[in-house]
Amino acid sequence: MQITIKYFGQIVEVTHKTEETLEVSGNQIADVLNTLQTKYIKLKDLGFQIAQNQELVSLNTKISGAEIALLPPFAGG
Amino acid sequence: MQITIKYFGQIVEVTHKTEETLEVSGNQIADVLNTLQTKYIKLKDLGFQIAQNQELVSLNTKISGAEIALLPPFAGG
Amino acid sequence: MKSKNIKNVFKEGPISSEFIGNSIYKHQSKTSIGAHNIFLGQVRADVVNGKTVSAIEYTAYQDMANQKFHDIREATFNKFQLTCMHIYHSLGTVKAGEICLFVFVSAPHRKVVFKALEYVVEEIKAHVPVFGKEIFEDQSHQWKVNN
Amino acid sequence: MKSKNIKNVFKEGPISSEFIGNSIYKHQSKTSIGAHNIFLGQVRADVVNGKTVSAIEYTAYQDMANQKFHDIREATFNKFQLTCMHIYHSLGTVKAGEICLFVFVSAPHRKVVFKALEYVVEEIKAHVPVFGKEIFEDQSHQWKVNN
């Protein structure tokens with residue numbers, strides 16, 4: 001499935017881009033993560049949460065096809 | 001003893017003055033109160049606390065000669 | 001008298017939004033501060049028996065009040081790790097919608113400012129001899145009581 | 001998208017003291033309000049390994065962040081009897097001493113504003129995807145993490 005993935009904060013220092021569309025095989029968020037960690041090995045060193053359609057999700061959440069984002073620790077305020 | 005007494009807020013509507021010096025016989029705050037309630041009968045209808053030398057005192061506190069004030073309910077802020 | 005080194009917290013009339021903005025501005029040079037918390041008391045146009053409050057006329061036992069503000073200030077600095085604190089209270093006439101109390105606390109981190117500000121405001125309401133005459137639109141009045 | 005009727009909370013650059021003063025001024029026509037409580041987040045010149053933070057550069061997942069701000073707003077109005085609430089957060093560069101977060105809650109009576117303000121600020125810190133790059137004076141950086 002084609003998935004649009006957004007990167008923020010420190011994640012961008014690893015991906016060197018803020019957004020891309022990737023082909024992901026599998027149907028869980030864990031599969032997206034595997035694809036990304038293969039492409040960007042240094043992602044394994046960073047802490048982040050994953051959002052799908054602007055809601056935080058867990059690794060066994062089903063991929064819906066909506067936008068996914070990698071969110072490093074929040075620092076608002 | 002000559003005591004300076006200050007009046008505030010609603011108390012002034014009964015005393016029609018903000019300050020006066022009175023001769024008080026006795027040695028407790030209760031004696032001051034008696035003197036005042038005799039002079040201003042309507043004081044009995046009002047709620048207030050009594051301060052001596054800028055500290056709240058009770059009826060059996062000894063009169064020190066310092067300034068006394070009748071303080072109606074606080075309304076700061 | 002106990003009033004040595006005691007600040008005067010009172011200001012004649014309402015506390016303007018410009019004064020508050022300027023007070024915030026002055027804290028921008030204090031770069032150890034990470035969190036400010038501000039309380040503003042504003043005069044409400046309460047309706048009592050069909051009559052609307054148009055203003056409150058504040059008076060105070062000023063010497064004692066400034067002493068109490070000072071004591072509250074000292075107690076607050078002892079209890080909470082604050083960088084600074086400012087308190088201003090109006091005297092005289094403050095119209096409905098205008099501000100009569102401005103309390104401003106600042107600290108490096110946020111958690112302490114919430115606790116400190118509430119403490120200061122509750123102490124002021126309970127212990128400072130300030131009196132408020134609520135003036136209705138027809139010039140009649142009633143005396144305000146804190147709760 | 002879920003972003004229908006969702007306000008944009010973000011402002012480019014720091015939030016000025018004039019903006020805050022003006023926001024206070026605008027509330028003086030709301031005469032049912034008796035108490036305002038304001039939280040301001042200010043960028044600290046923290047020293048880390050001998051280097052001083054000179055600014056924070058804020059970025060955000062803006063659509064999600066505005067949705068979260070909206071959700072926090074709705075939850076706060078449901079929990080607390082407020083007259084109004086305003087939230088502004090900076091994006092881009094905010095220098096040490098400048099203000100990056102402005103939360104403003106107002107109600108007829110004071111007790112609720114303290115609880116509501118702390119709730120809003122803690123929710124923002126925990127749930128809104130905003131990211132902060134702390135820039136040191138030598139242009140090196142580290143990533144800020146809320147605690």
Side-chain angles (χ1 to χ4, degrees), chain B residues 1-22 24 28-30 32-33 35-37 39-77, chain C residues 1-4 6 9-10 15 39-44 46 53 56-72 87-91 94 99-103 117-118 120-135 140-147:
Chain B
M1 199 185 312
Q2 295 277 320
I3 308 280
T4 298
I5 305 179
K6 290 191 165 185
Y7 307 113
F8 292 94
Q10 191 168 14
I11 306 288
V12 178
E13 295 184 347
V14 167
T15 61
H16 300 291
K17 56 176 74 83
T18 58
E19 183 172 342
E20 66 187 318
T21 301
L22 287 181
V24 177
Q28 291 190 336
I29 296 296
V32 179
L33 185 61
T35 302
L36 290 172
Q37 285 179 338
K39 184 166 183 188
Y40 305 109
I41 293 165
K42 287 184 180 166
L43 270 187
K44 293 187 178 171
D45 303 331
L46 299 182
F48 54 88
Q49 299 178 91
I50 300 176
Q52 176 173 254
N53 197 27
Q54 301 175 26
E55 291 293 341
L56 296 181
V57 289
S58 56
L59 289 179
N60 61 3
T61 301
K62 218 171 164 291
I63 298 171
S64 71
E67 177 179 286
I68 283 176
L70 303 200
L71 305 177
F74 299 166
Chain C
M1 296 305 293
K2 301 186 220 169
S3 52
K4 277 175 197 158
I6 302 293
V9 160
F10 292 104
I15 298 160
F39 179 84
L40 303 174
Q42 183 167 298
V43 173
R44 279 194 315 278
D46 279 351
V53 171
I56 295 180
E57 212 178 285
Y58 285 104
T59 53
Y61 184 11
Q62 286 193 55
D63 286 347
M64 178 175 167
N66 279 317
Q67 178 67 49
K68 288 290 169 196
F69 280 123
H70 179 84
D71 295 346
I72 291 168
I87 306 174
Y88 299 94
H89 198 296
S90 294
L91 280 184
V94 182
I99 289 163
C100 56
L101 174 61
F102 171 27
V103 183
L117 186 72
E118 183 167 9
V120 172
V121 173
E122 294 302 328
E123 288 289 297
I124 291 172
K125 296 266 180 184
H127 300 301
V128 179
V130 171
F131 314 101
K133 189 176 175 176
E134 294 180 316
I135 315 286
S140 63
H141 71 268
Q142 71 176 16
W143 290 90
K144 181 173 178 260
V145 177
N146 278 346
N147 50 31

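All values reported here derive from a predicted model rather than from experimental measurement. Residue numbering restarts at 1 for every chain, and letters A, B, ... go by the order of the sequence lines.
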Part of B:Gln49 within contact of chain C (heavy atom distance under 4.5 Å)
neither
With chain C, the option among B:Gly9, B:Ala51, B:Pro73 that has the most non-hydrogen atom pairs under 4.5 Å is B:Gly9
What heavy-atom pair brings C:Trp143 and B:Glu13 nearest, and what distance separates the two atoms?
NE1-OE2, 3.1 Å
Could you tell me which residues satisfy side chain to side chain donor-acceptor pair (under 3.5 Å) with B:Gln10, sequence neighbours excluded, listed by chain and number?
none
Looking at every non-hydrogen atom in both residues, tell me the closest pair between C:Cys100 and B:Gly77 and how far apart they are.
SG-C, 3.6 Å
Please enumerate all residues that pass salt bridge (charged side-chain N to carboxylate O under 4.0 Å, His left out) together with B:Lys42, with sequence neighbours excluded.
none
For the residue pair B:Gln54 and C:Lys68, what are the closest heavy atoms and their distance?
O-CE, 4.3 Å
C:Ala65 portion near chain B, given a 4.5 angstrom heavy-atom threshold:
neither
Among C:Val121, C:Val130, C:Leu101, C:Val145, which residue forms the greatest number of heavy-atom pairs with chain B at distances under 4.5 Å?
C:Val130
Taking C:Ala60, C:Pro129, C:Gly132, C:Ala126 one by one, which has the highest count of heavy-atom pairs under 4.5 Å against chain B?
C:Pro129
Which atoms of C:Tyr58 approach chain B - backbone, side chain, both or neither, heavy atom under 4.5 Å
side chain
Minimum heavy-atom distance between B:Leu71 and C:Tyr61, given as atom pair plus value:
CD2-CD2, 3.7 Å
Please classify the contact of C:His141 with chain B as side chain, backbone, both or neither, using a heavy-atom distance under 4.5 Å.
side chain
